[in-house]
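Below is one structure, written out as structure tokens; comments come after it.
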Amino acid sequence: MRDLLERWKREISLKIEKIYGEKVKSEEIIIDFPPKAELGDATTNVSFAVSKKTGKNPSEIAKDLSSLKLENVIKIENRGPYLNFFIDRTKILNYLYPFSKKDKRRNEKIIVEHTNINPNKSAHIGHLRNAILGDTLVRSLRFLDYNVEVQNYIDDTGVQVADVVVAFEKMLGLNLKEVKEKERERRDFDIYCSEIYSKVQKWYEDDEKNLKYRYETLHLIEKGGNETEQMAIFISQKMVACHLRTMFNLNIKYNLLPFESDILKSGFFEECFEMMKERGALEYVSDEKDDKLKGCWVMRLSQNKEFEGLKDADKVFLRSNGTATYLAKDLSYQMWKFGLLKKDFHYRKFENCPYEIYRTSTRENDSKGNFGKGSKVYNVIDVRQSYLQKIVKEGLRILGFEREADSSIHFSYEMVALSTNFIKEEIEKGKIEKIDEEELKKPFLEMSGRKGLSFIADHLLNELFERAKIEIGQREKELDEDEKCDRAKKIASSALKYYILKFTKNQIVAFDLKSALSFDGETGPYIQYAGVRSMNILRKADEKGIDVPEINEENIEKHFPELDDESWQILSLFLRIPFVVEKGIDNLEMSIIARYLFEISKSFHNYYQKVPVIAEENEEKRAAKLLFVSIFSKVFKSVLDELMGIEIPKRM
RNA sequence: GUGCCUGUAGCUCAGCGGAUAGAGCACCUGCCUCCUAAGCAGGGGGUCGUGGGUUCAAGUCCCGCCAGGCACACCA
């Protein structure tokens with residue numbers, strides 16, 4: 001399709017030169033899609049550009065240009081200043097998905113990092129937004145035939161996990177064996193850990209003396225070779241397994257789990273630190289100086305225009321106690337992703353996962369792998385970390401890695417907050433503790449683990465699942481449990497994904513349970529239902545012994561001249577798929593893709609209502625319609641799956 | 001203080017400088033003997049926060065203002 005449009009542009013450019021003697025380069029010509037289907041399959045407003053050069057009336061120009069002859073175009077209509085193109089329907093198979101995948105993009109590897117949930121808490125709806133946006137980006141890139149590696153970074157060091165260990169060992173007095181038993185008892189181990197993590201925070205507040213356990217524990221974990229370290233490893237592994245399971249339920253998968261502890265042990269930081277020093281990018285704040293940063297190695301950014309006006313433009317890289325800051329770890333990791341470090345991890349399979357996934361390792365006998373070395377890196381991280389992402393990028397630039405700095409893309413999006421209406425309902429149900437009245441006057445509140453303001457991903461998915469089961473039960477009384485669960489799972493997952501994806505990235509999602517649980521209107525199930533309806537028609541045809549023409553060029557040439565406009569208009573929407581996906585990626589706006597799929601569904605529902613297929617009396621026309629439905633069904637199903645990981649249930 | 005984001009229908013939100021400003025929800029009216037209504041058709045409902053500017057054309061671009069949110073740690 002893209003090649004075809006390029007050829008059109010060249011033709012249009014030549015024609016303009018021939019008529020007016022003015023040159024409008026083919027790159028300047030924009031071929032777009034008209035706002036309404038009856039206006040054709042493609043459109044251009046090139047007349048305005050010509051008008052600018054010649055001073056002629058744009059509508060006149062459009063009229064002159066409508067005499068063009070373009071490849072596979074059956075009719076060109078001028079409507080006011082616009083030129084509308086109507087494509088030869090019998091040629092659609094050349095441009096329809098599955099497209100001939102001949103792009104030369106395979107050599108390039110793109111790395112997408114998303115999800116990144118700390119292994120001390122359960123996934124909440126904020127993490128869902130991250131994972132769903134990240135996964136849709138990954139799917140879109142793969143759809144356009146890019147080679148993509150998905151990484152889910154695990155921050156298993158630092159106080160987060162240590163606090164859970166303190167909770168088990170010191171607050172609850174459990175040893176490793178007992179913790180393992182606890183894990184076997186509770187399938188929702190992540191939720192249990194979140195709970196005790198929150199309790200241990202209070203435990204610290206109640207008696208400051210308890211804080212000493214945090215540092216003792218941190219020290220023991222760092223030193224290694226003891227049961228405390230073993231417990232920390234056990235907890236983070238199990239937590240990660242829980243997170244992977246939650247995301248797997250949404251059809252979201254990863255290729256590699258880089259563990260922060262491995263980054264530290266592999267010496268990435270030291271290598272990066274040396275390079276930074278060599279480039280003179282770091283400055284040591286000497287102990288003699290009366291500076292609050294004395295004893296630290298800092299990145300001086302105050303001279304940098306980008307960072308003007310900051311309160312404090314010096315970022316600590318190495319703390320005065322000799323440990324690396326988040327910035328330092330992140331920069332080292334980012335460098336590794338681009339293959340800029342000499343050092344590399346070892347790799348081994350991560351067990352406890354329903355599909356094949358690797359984790360980083362520092363064990364000498366684990367294998368070498370072909371991870372990292374990307375040419376472009378997308379980091380899916382919410383907008384609150386923009387500042388740090390900017391510094392990481394600047395770090396690459398300072399080190400002279402201009403290309404890598406430019407190829408480091410922060411996919412930033414707004415947070416998920418809780419709508420106060422929802423919070424009020426939860427307070428009434430006793431699920432959330434009472435909070436300040438003043439706070440409740442705002443439209444939404446940021447989630448906070450400390451205040452207990454959060455909504456757990458698995459709980460939401462469960463509510464959706466149960467609701468779907470009820471709806472299914474109302475429609476089909478005698479359905480076996482397995483089939484019912486399978487359908488409910490697909491419906492719940494799509495409802496959740498669409499709910500998140502329909503928002504643009506800069507819009508704060510003020511989470512509201514009622515709209516999240518909706519299956520009507522602009523929702524995932526609505527989209528799935530369009531697919532189900534197309535299958536219903538085909539099934540009915542089969543039951544009645546009506547022949548559905550096979551999808552091939554011969555049949556299309558034979559039947560499509562009989563095709564009604566309504567059918568064609570839906571197929572015409574399919575022609576835009578690669579352009580829509582590309583636009584989504586260029587703008588990092590996944591809602592474009594989601595809403596486009598909703599638009600297609602809407603046209604099909606409309607068609608289903610308006611156009612009888614099986615009941616069509618004219619056999620020729622019926623064959624054409626059935627061929628259309630068959631194409632719709634196939635393409636729609638594969639596009640939904642590939643772009644959003646949404647599967648269509650057998651029936652709804 | 002500096003920077004980023006948001007402001008469009010009662011509510012939640014779409015709207016890459018171009019065709020009559022849209023969708024979903026909510027409300028009202030119709031449509032199940034039909035390819036199952038998780039659907040369809042129709043209706044009411046808008047000074048696109050505000051004041052300037054650029055343009056043949058501005059909800060969209062530029063500047064100012066107002067209102068909300070976020071970020072700027074030896075936390076990640």
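So that the names make sense, note that chain A is the first sequence line, chain B the second, and so on, each numbered from 1. As the structure is a computational prediction, the values presented were derived from the model and not from experiment.
- Of the candidates B/C16, B/A73, B/C74, the closest approach to any side-chain atom of A/Lys315 belongs to B/A73.
- Nucleotide B/C48 forms a pair with no other nucleotide shown, judged by Watson-Crick or G-U wobble geometry with both contacts under 3.5 Å.
- Pairing for B/C61 is with B/G53, a Watson-Crick or G-U wobble pair whose two hydrogen-bonding atom distances lie under 3.5 Å.
- B/A57 and B/U20: their C1' atoms are spaced 15 Å apart (whole Å).
- Using a 4.0 Å heavy-atom cutoff across all strands shown, A/Leu538 reaches no nucleic acid atom at all.
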Do A/Lys63 and A/Glu60 pass the salt bridge (Lys or Arg N to Asp or Glu O under 4.0 Å) test, and can you show the C-alpha distance, the side-chain angles, and the key distance before you say yes or no? CA-CA 5 Å; A/Lys63 202 172 173 186; A/Glu60 290 293 317; 5.6 Å; no
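- A/Arg487 places its CZ atom 12 Å from the C1' atom of B/U36, with the value rounded to the nearest Å.
- Nucleic acid contact for A/Lys602: sugar-phosphate only, since backbone atoms but no base atoms lie under 4.0 Å from a heavy atom of the residue.
- Summarising the base pairing, B/C25 is matched to B/G10 through a Watson-Crick or G-U wobble pair whose two defining distances lie under 3.5 Å.
- Between the P atom of B/C35 and the CZ atom of A/Phe632 lies a distance of 19 Å, rounded to the nearest Å.
- Note on A/Asn84: a base of the nucleic acid sits closer than 4.0 angstrom, heavy atoms only.
- Of the residues listed (A/Glu260, A/Glu113, A/His114), the one engaging A/Tyr153 in a side chain to side chain donor-acceptor pair (under 3.5 Å) is A/Glu260, and it is the only one.
- For the pair A/Lys625 and A/Glu616, the salt-bridge criterion is met [side-chain N within less than 4.0 Å of a carboxylate O].
- Using a 4.0 Å heavy-atom cutoff across all strands shown, A/Val613 reaches at least one base atom of the nucleic acid.
- Between B/A23, B/C74, B/G69, one nucleotide has an atom nearer to the side chain of A/Cys296 than all others, and that is B/C74.
- When distances are taken from the side chain of A/Glu260 to each of B/A76, B/A23, B/A38, the shortest belongs to B/A76.
- A donor-acceptor contact shorter than 3.5 Å is absent between the side chain of A/Ser419 and the backbone of A/Phe444.
- In this structure, of B/A37, B/C35, B/A76, it is B/A76 that holds the atom nearest to the side chain of A/Gln385.
- Ranking B/C5, B/C31, B/U12 by closeness to the A/Phe503 side chain, first place goes to B/U12.
- Pair check for B/G3 finds B/C70; Watson-Crick or G-U wobble, both atom distances under 3.5 Å.
- At a threshold of 4.0 angstrom between heavy atoms, the contacts of A/Asn536 include nucleobase atoms, whether or not backbone atoms are also involved.
- Between B/G22 and B/G42, the two P atoms lie 13 Å apart (nearest whole Å).
- Applying the ring-ring contact (aromatic ring centres under 6.0 Å, His included) test between A/Trp297 and each of A/Phe273, A/Phe317, A/Phe269 identifies A/Phe273 as the sole match.
- A/Asp330 comes within 4.0 angstrom of nothing in the nucleic acid, heavy atoms only.
- At B/U36, none of the side-chain N or O atoms of A/Arg651 fall inside 4.0 Å of OP1 or OP2 (strictly under the cut-off).
- Taking atom P in both B/A71 and B/U12, one finds a spacing of 22 Å when rounded to whole Å.
- Following rounding to the nearest Å, A/Asn506 (CG) and B/G7 (C1') show an atom-to-atom distance of 13 Å.
- If you check every strand for non-hydrogen atoms under 4.0 Å, A/Leu327 touches nothing.
- The residue A/Gln507 sits close only to the backbone: its heavy atoms come under 4.0 Å of sugar-phosphate atoms, none of a base.
- In textbook terms, a nucleotide whose glycosidic angle is within 90° of 0 is syn, and B/C32 is one such case.
- Close to B/A41, at under 4.0 Å from its OP1 or OP2, lies a side-chain N or O of A/Asn606.
- In this structure B/C40 sits in a base pair with B/G30, meeting the Watson-Crick or G-U test at under 3.5 Å.
- Straight-line distance from the NZ atom of A/Lys583 to the P atom of B/G15: 8 Å, rounded to whole Å.
- Residue contacts for A/Pro612: at a heavy-atom cut-off of 4.0 Å it reaches a base atom on one of the strands shown.
- Taking atom CD of residue A/Glu38 and atom P of nucleotide B/U20, one finds them 13 Å apart after rounding to whole Å.
- Summarising the geometry, the separation between CD on A/Glu522 and C1' on B/G22 is reported as 11 Å, rounded to the nearest angstrom.
- Defined by atom type and a distance below 3.5 Å, a donor-acceptor pair is present between the side-chain atoms of A/Ser408 and A/Gln334.
- Taking the six-membered ring where tryptophan is involved, the planes of A/Phe632 and A/Phe636 are essentially parallel, since the angle between them stays under 30° and well short of 60°.
- Here A/Val580 lies out of heavy-atom contact (under 4.0 Å) with every strand.
- If you take CZ of A/Phe598 and C1' of B/G22, they are 11 Å apart, rounded to a whole angstrom.
- Ring geometry for A/His605 versus A/Tyr529: interplanar angle of 30 to 60°, hence tilted.
- Using a 4.0 Å heavy-atom cutoff across all strands shown, A/Ser320 reaches at least one base atom of the nucleic acid.
- Ring centroids of A/Phe33 and A/Phe579 are separated by less than 6.0 Å, placing the two rings close together.
- Using a 4.0 Å heavy-atom distance criterion, A/Pro81 is classed as making no nucleic acid contact.
- As a whole-Å value, the separation of A/Glu471 CD from B/A38 C1' is 7 Å.
- Comparing the P positions of B/C5 and B/G10 gives a spacing of 28 Å, expressed to the nearest Å.
- A gap of 4 Å separates the C1' atoms of B/U8 and B/C48, to the nearest Å.
- Side chain of A/Asp520, nearest nucleotide from B/A23, B/C25, B/C40: B/C25.
- If you check every strand for non-hydrogen atoms under 4.0 Å, A/Ile472 touches a base.
- A sub-4.0 Å separation between OP1 or OP2 of B/C40 and a side-chain N or O of A/Tyr526 is present.
- Residue contacts shown for A/Ile614 include a base, since a base heavy atom lies under 4.0 Å away.
- Going from the P atom of B/G17 to that of B/C62 covers 10 Å, rounded to whole Å.
- Separating the C1' atom of B/A19 from that of B/C25 is a span of 29 Å, rounded to the nearest Å.
- Taking atom C1' in both B/C32 and B/U47, the straight-line distance is 44 Å, to the nearest Å.
- Comparing B/A19, B/A76, B/C13 against the side chain of A/Asn118 picks out B/A76 as the nearest.
- Minimum atom distance to the side chain of A/Thr43 is reached by B/A19, of the listed B/A19, B/C40, B/C16.
- Among the nucleotides B/A19, B/U12, B/U36, the one closest to the side chain of A/Tyr529 is B/U36.
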